[in-house]
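Shown next, in structure tokens, is the structure this report addresses.
No experiment lies behind these values; they were computed from the predicted model shown. Numbered from 1 within each chain, the chains take letters A, B, ... in sequence-line order.
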Protein chains: 2
Amino acid sequence: MAADGNVRFKPVEESCSSEDETDKVTPFIAKSKSKRGFKYEKLIKNEIDDNLRSKIEEIGRKNGKPVNHFLKRGIFFSHRDMEKILDSYEKGESFYLYTGRGPSTKSMHIGHLIPFMFTRWLQEAFDVPLVIQMSDDEKYFSEDLQNGEEPVSIETIREQTRENVKDIIALGFDVNKTFIFSNFEYMCPEYYKNICRVQRLIKLSRMKIVFDFDDNGNIGKINFPAIQAAPCFSSSFPHIFHGKRDVPCLVPCAIDQDCYFDLMREIAIKLDCKKPALIHSKFVPSLVGGVRYKMSASKPGSILLTDTNEEIETKKYDNDEIQSDDLKSELIKILKTIIGEIRQRRKQVTDEMVKRFMTPRPLNYKYKHGSNEIL
Amino acid sequence: MAADGNVRFKPVEESCSSEDETDKVTPFIAKSKSKRGFKYEKLIKNEIDDNLRSKIEEIGRKNGKPVNHFLKRGIFFSHRDMEKILDSYEKGESFYLYTGRGPSTKSMHIGHLIPFMFTRWLQEAFDVPLVIQMSDDEKYFSEDLQNGEEPVSIETIREQTRENVKDIIALGFDVNKTFIFSNFEYMCPEYYKNICRVQRLIKLSRMKIVFDFDDNGNIGKINFPAIQAAPCFSSSFPHIFHGKRDVPCLVPCAIDQDCYFDLMREIAIKLDCKKPALIHSKFVPSLVGGVRYKMSASKPGSILLTDTNEEIETKKYDNDEIQSDDLKSELIKILKTIIGEIRQRRKQVTDEMVKRFMTPRPLNYKYKHGSNEIL
């Protein structure tokens, strides 16, 4: 609803704000007025059909990975160019995975887990390298402050980032195939050049349409989408891809993040790079308000990775769709197991491990493309 | 003159566009309609009076440097906080110099020489380190293309930058006290963090007022002033200042560049850094149009560093102020000497020397501040 009381309709192609009578979905807000929840059929880019799903599962099986339940259950429901990724993979050409997290004082919740758990499955199923961006600079530019709250310092964010990296490591990624980087700590010439390449091709007017930015924002915030976009280009990581600009990139993410990468796809050809492929998940509903909201760490209604067994049991499931007590008990049992395992692994993550994951270094994977081969 | 035919007046404090009935001065354009040329009395920040001039000259004399003619003749006519720099210098606290150049295919002209020659004098008179920014990223973001001209690639700018660095080295800077850096090649975590610190404190609306940006510009261009500003903070150069954030910075520049640093002075206190001090020069007038225009490499009427003796002789001096043939002959003689010397030194500048100047490394200077001392 716009300030003048009129409902605004924005075509998804132009703005990442998908908004109609009942739903609003942007990278900054996601809510639905409908009891049935988000109309994913409107958010979908390309459907993951049975054919595509089977193809992904088949590759997984070859590498000894059982079928992924997020894929089977349609939690990952949408994509861009997944067929291209699979076709070239089957011809022996590898790709890399790129996902990320904005560091926060708040613990990760099970909504955050979905893209990471699926990314891990993809990494193991395809045996490919993975880069994870910790967008500490975005956090720094954030103007979403509570009353009287001071803007956070770079030094404070640095500490939060390290704790968040430990959470991610606890999800079980392979250190030999995974590079976790903070923008503040990793910034280097090759990465910066790609950021500039993106910046030059996007007008401020376009940025305002896509992200609903206005003139009151700080210039860092307005610039940030270029920084989220640049790791889609393999030359941002010379220690991994040795200067290659055309290693294909696959981004697993929730559907509300699509706009960053869609913008990137728009300009990739001008940069002599491949368009990043995407695979999109639905949201995990909040415990409060059910399917009308996505789970959010800054609001009540989340199952956190730091929750104890007792807390998991007492959190109120007021989701209308789950009326069976048996189902609720089953869900509590599963959550206790998943979170319990992560809790155990989290305890074992040392500063030394953080350092290893975050050190720019070659990763252990094979990449074949055209006449070149990197082993 | 605005599109509606009305003259716009903008206060210098708010916009760097100083514009009235006859003069317009911004970092992007400088012209006067008056036969008497730019009204420097309107552009001045703080006058360099006899007292201040004597103080600077006295320090120079102690270090064996003869009086500088740019200072004596009022070519450097304006400043911000020069007294503070001198006061703390006399107490034994050093500072550093920061100036820069936007790389260009065009040869440097004698207008470019003024800040560099004066910077060299300051470096020798005060025995202080100097950082020189090659703003290759700004060049890349430039949208000031001729008809049908293709935007330039990063690789092409890299070559131009190296040639430009050779021009600067030929002016005689001391490699032990001078770090020349390209933004593309130097970008690193500490520099990037300072850029982000600046970005967070400047709203887009402010940037538009100060630099006359509009929504049609690319986002890199809008972001660039933060990149020109960040080297004012000594922590951008950990290899020189070992993490110190409060080494004072003095920027010698032409008066049209003041706005970048004025913005920086506005936010320095919030960043727990010192306000950069400035010393401003007048423009060298163009040979065509005389004092109404500054000399510009992209327009006729320049004496270039690549000019031969014959070219210097035949370039037409249509400056009304110089009517005496004797004066013109004297000027030609002086220019031949200066440019001849630079031409000789330029021939001796090797790739190896470029590499030495551009390698991040400690510089040879003493810095004393409070209880700390860096030798």
Should the pair B:Glu159-B:Arg162 be classified as a salt bridge under the 4.0 Å nitrogen-to-oxygen rule? no
Closer than 4.0 angstrom, basic N to acidic O: yes or no for A:Glu190 and A:Lys193? yes
Max heavy-atom pair count under 4.5 Å with chain A, selected residue of [options]:
options	result
B:Asn223, B:Asn216, B:Leu204, B:Asp137	B:Leu204
B:Arg197, B:Glu143, B:Met207	B:Arg197
B:Ser142, B:Cys188, B:Pro151, B:Ala226	B:Pro151
B:Phe141, B:Tyr140, B:Phe184	B:Tyr140
B:Ile222, B:Asn218, B:Val198, B:Ile195	B:Asn218

Residue B:Pro225 versus chain A: region with a heavy atom under 4.5 Å: neither
Hey, can you tell me if B:Phe224 and B:Tyr260 have their rings parallel, tilted or perpendicular (30° and 60° cut-offs)? perpendicular
Atom CZ of B:Arg356: over 12 foreign heavy atoms under 6.0 Å: no
Modelled atom types, side-chain donor and acceptor of B:Ser135 and B:Glu138, under 3.5 Å: yes
I'd like to know if the side chain of B:Asn183 pairs up with that of B:Gln133 as donor and acceptor (distance under 3.5 Å, no hydrogens or angles considered). yes
Chain B contact via A:Ile157 - side chain, backbone, both or neither, heavy atoms under 4.5 Å: neither
Which region of A:Asp214, side chain (C-beta onward) or backbone (N, CA, C, O), has a non-hydrogen atom less than 4.5 Å from a non-hydrogen atom of chain B, or is it both or neither? backbone
Chain B shares the most heavy-atom pairs under 4.5 Å, among A:Lys203, A:Arg200, A:Glu185, with A:Arg200
Name the one of A:Tyr98, A:Phe179, A:Phe241 that satisfies side chain to side chain contact (heavy atoms under 4.5 Å, CB included) with A:Pro129? A:Phe241
